[in-house]
Amino acid sequence: MAAANNAPKKRPTPEKRDKQNKMRAARNKARRSEMKTAIKKAYVGGTDRTAVIRYAIKRVDQACAAGLLHKNNAARKKSQLMKLLNKAS
């Protein structure tokens with residue numbers, strides 16, 4: 001049976017690592033959420049549809065640069081958005 005991992009740590013390094021991981025996870029979650037929201041808004045459309053789609057493409061690029069998406073996944077999303085942009089124009 002595995003023991004609970006609530007024992008106090010002997011050094012401050014693991015505590016710092018836990019704190020850094022939580023901060024990074026929160027940052028990544030916010031970036032991913034913003035990207036997904038931008039993509040959804042691009043599909044819904046609106047008054048200035050081309051600007052909304054271009055913003056979504058920018059967010060996909062930024063998520064890929066941050067390491068949230070694999071480059072092929074980002075390329076696929078951008079391709080789908082470009083199809084939408086060409087259809088809207």
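Note that the numbering runs from 1 along the sequence shown for the chain.
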How many angstroms lie between [atom1] in [X] and [atom2] in [Y], if you round to the nearest 0.5 Å?
X: K16; Y: T13; atom1: NZ; atom2: OG1; value: 7.5 Å
X: L68; Y: Q62; atom1: CG; atom2: CD; value: 10.5 Å
X: L85; Y: K87; atom1: CG; atom2: NZ; value: 11.5 Å
X: L81; Y: N86; atom1: CG; atom2: CG; value: 11.0 Å
X: R31; Y: M35; atom1: CZ; atom2: CE; value: 12.0 Å

Indicate yes or no for a side-chain donor-acceptor contact from T37 to the backbone of S33 under 3.5 Å, with no hydrogens or angles considered.
yes

Test side chain to side chain contact (heavy atoms under 4.5 Å, CB included) applied to R54 and K58, step by step
CA-CA 6 Å; R54 289 186 191 281; K58 180 180 176 182; over 6 Å; no

Closest non-hydrogen atom pair, Y43 against R49
O-NH2, 3.4 Å

Looking at I39 and V60, what are the two nearest heavy atoms and their distance?
CD1-CG2, 3.8 Å

When K71, R59, K77, H70 are each screened for side-chain contact (heavy atoms from CB on, under 4.5 Å) with C64, the one that passes is K71

My understanding is that only residues two or more places apart in sequence, or in another chain, count here; which of them pass salt bridge (Lys or Arg N to Asp or Glu O under 4.0 Å) with K78?
D61

